[in-house]
Structure formats: C-alpha cells, structure tokens
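Only one structure is covered here, and it is reproduced in the block below.
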Amino acid sequence: ATIMTGVDFTTAQMPFADFNNATLLGTNFSGANLTGTRLAGSNLTNAVLNGANLQGASMQGANVSGVKFDERTTWPDGKKGSQSSPANYI
C-alpha cells in the first residue's frame with residue numbers, strides 16, 4: 001500500500017492518479033488538480049482539499065474524517081465547496 005502521510009501536494013497536477021487504498025493522513029492537496037483521481041478506499045483523515053479539483057474522482061470507501069475544504073473545492077460531481085461535503089462521495 002502507498003503511504004504518503006503529511007506529503008505537501010500543493011498545486012500539484014495529478015489528473016487520473018491512482019491513490020486507491022493509499023494512506024494520505026494530513027496530506028495537503030490545496031489547489032491540486034485531482035480530476036478523475038482514484039481515491040477509493042484511501043485514508044484521507046485530516047487531508048486538506050482547499051481549492052482542489054476532484055471533478056470525476058472516485059472516493060468510494062474512503063475515510064474522510066476531518067477533511068478540510070473551502071468554497072474553491074470542486075467535488076466529483078462538479079459541486080463547489082459547501083454545496084456538498086466529502087461524505088457524500090464515499
């Protein structure tokens with residue numbers, strides 16, 4: 001399994017990356033392009049998604065406890081910020 005606890009991916013371009021079942025505790029994805037990224041079964045506890053683009057990402061079974069996001073966050077279905085929440089995609 002991939003373990004990337006606390007990694008800083010600020011503004012990273014990672015469309016369609018495969019993070020299925022990865023450990024991403026406290027990982028900073030602020031402003032990152034995560035379009036179509038596979039996050040199924042991953043542990044995103046306390047991850048930061050401020051301004052991240054998750055359009056089309058898969059998050060089934062992910063642990064999203066304590067995930068931080070803001071009004072610039074784009075969710076898998078295209079909703080923005082507080083129009084949705086991470087728990088709606090697991």
Side-chain angles (χ1 to χ4, degrees):
T2 303
I3 299 173
M4 291 182 277
T5 298
V7 173
D8 186 356
F9 284 122
T10 301
T11 68
Q13 298 299 309
M14 297 184 291
F16 305 100
D18 186 352
F19 290 123
N20 281 345
N21 301 307
T23 300
L24 302 163
L25 304 174
T27 300
N28 187 353
F29 288 111
S30 295
N33 178 0
L34 301 171
T35 305
T37 298
R38 294 182 296 275
L39 294 160
S42 63
N43 188 342
L44 291 162
T45 300
N46 297 323
V48 180
L49 298 174
N50 294 337
N53 183 351
L54 293 148
Q55 180 90 40
S58 61
M59 299 174 66
Q60 292 82 3
N63 181 340
V64 295
S65 300
V67 166
K68 296 161 191 66
F69 63 93
D70 63 13
E71 292 306 311
R72 298 172 298 124
T73 303
T74 303
W75 298 113
D77 59 3
K79 290 180 180 174
K80 292 282 205 172
S82 60
Q83 292 177 346
S84 197
S85 76
N88 292 337
Y89 305 101
I90 59 171

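Residue pairs meeting the ring pair (Phe, Tyr, Trp, His ring centres under 6.0 Å) criterion with at least one partner in residues 46-68, sequence neighbours excluded, do not occur; the list is empty. For residues 38-64, no pair satisfies ring pair (Phe, Tyr, Trp, His ring centres under 6.0 Å), with sequence neighbours left out. For residues 20-31, there are no salt bridge (Lys or Arg N to Asp or Glu O under 4.0 Å) pairs, not counting sequence neighbours. Within the structure, salt bridge (Lys or Arg N to Asp or Glu O under 4.0 Å) pairs that include any residue of residues 52-64 do not occur (at least two apart or interchain). Among residues at least two apart or in separate chains, salt bridge (Lys or Arg N to Asp or Glu O under 4.0 Å) pairs with a member in residues 60-71 are Asp70-Arg72. Annotation: salt bridge (Lys or Arg N to Asp or Glu O under 4.0 Å) contacts involving residues 8-26, sequence neighbours excluded, comprise Asp18-Arg38.
Under the side-chain hydrogen bond (donor to acceptor under 3.5 Å, both in side chains) criterion, Asn88 pairs with Ser84, sequence neighbours left out. The side-chain hydrogen bond (donor to acceptor under 3.5 Å, both in side chains) search around Thr74 returns Lys80, not counting sequence neighbours. With sequence neighbours excluded, no residue forms a side-chain hydrogen bond (donor to acceptor under 3.5 Å, both in side chains) with Asn20. Under the rule for a side-chain contact (heavy atoms from CB on, under 4.5 Å), the partners of Thr5 that lie at least two apart in sequence or sit in another chain are Ile3, Thr23, Leu25. Applying the side-chain hydrogen bond (donor to acceptor under 3.5 Å, both in side chains) rule to Asn28 yields the partners Thr10, Ser30; only residues at least two apart in sequence or on another chain are considered.
In the hydrophobic clustering, Leu24 connects to Met4, Val7, Phe9, Met14, Phe19, Phe29, Leu34, Leu39, Leu44, Leu49, Leu54, Met59, Val64, Val67, Phe69, Trp75, Tyr89, Ile90, either directly or through intervening members, whenever side-chain heavy atoms lie under 4.5 Å apart.
Nearest heavy-atom pair, Pro76 versus Ala57, reported as atom, atom and distance to 0.1 Å: CB-O, 3.4 Å.
Atoms CG and OG1, on Asn63 and Thr45 in that order, are 3.5 Å from each other to the nearest 0.5 Å. In this structure, CG in Asp77 is found 9.0 Å from CD in Gln83, a value given to the nearest 0.5 Å.
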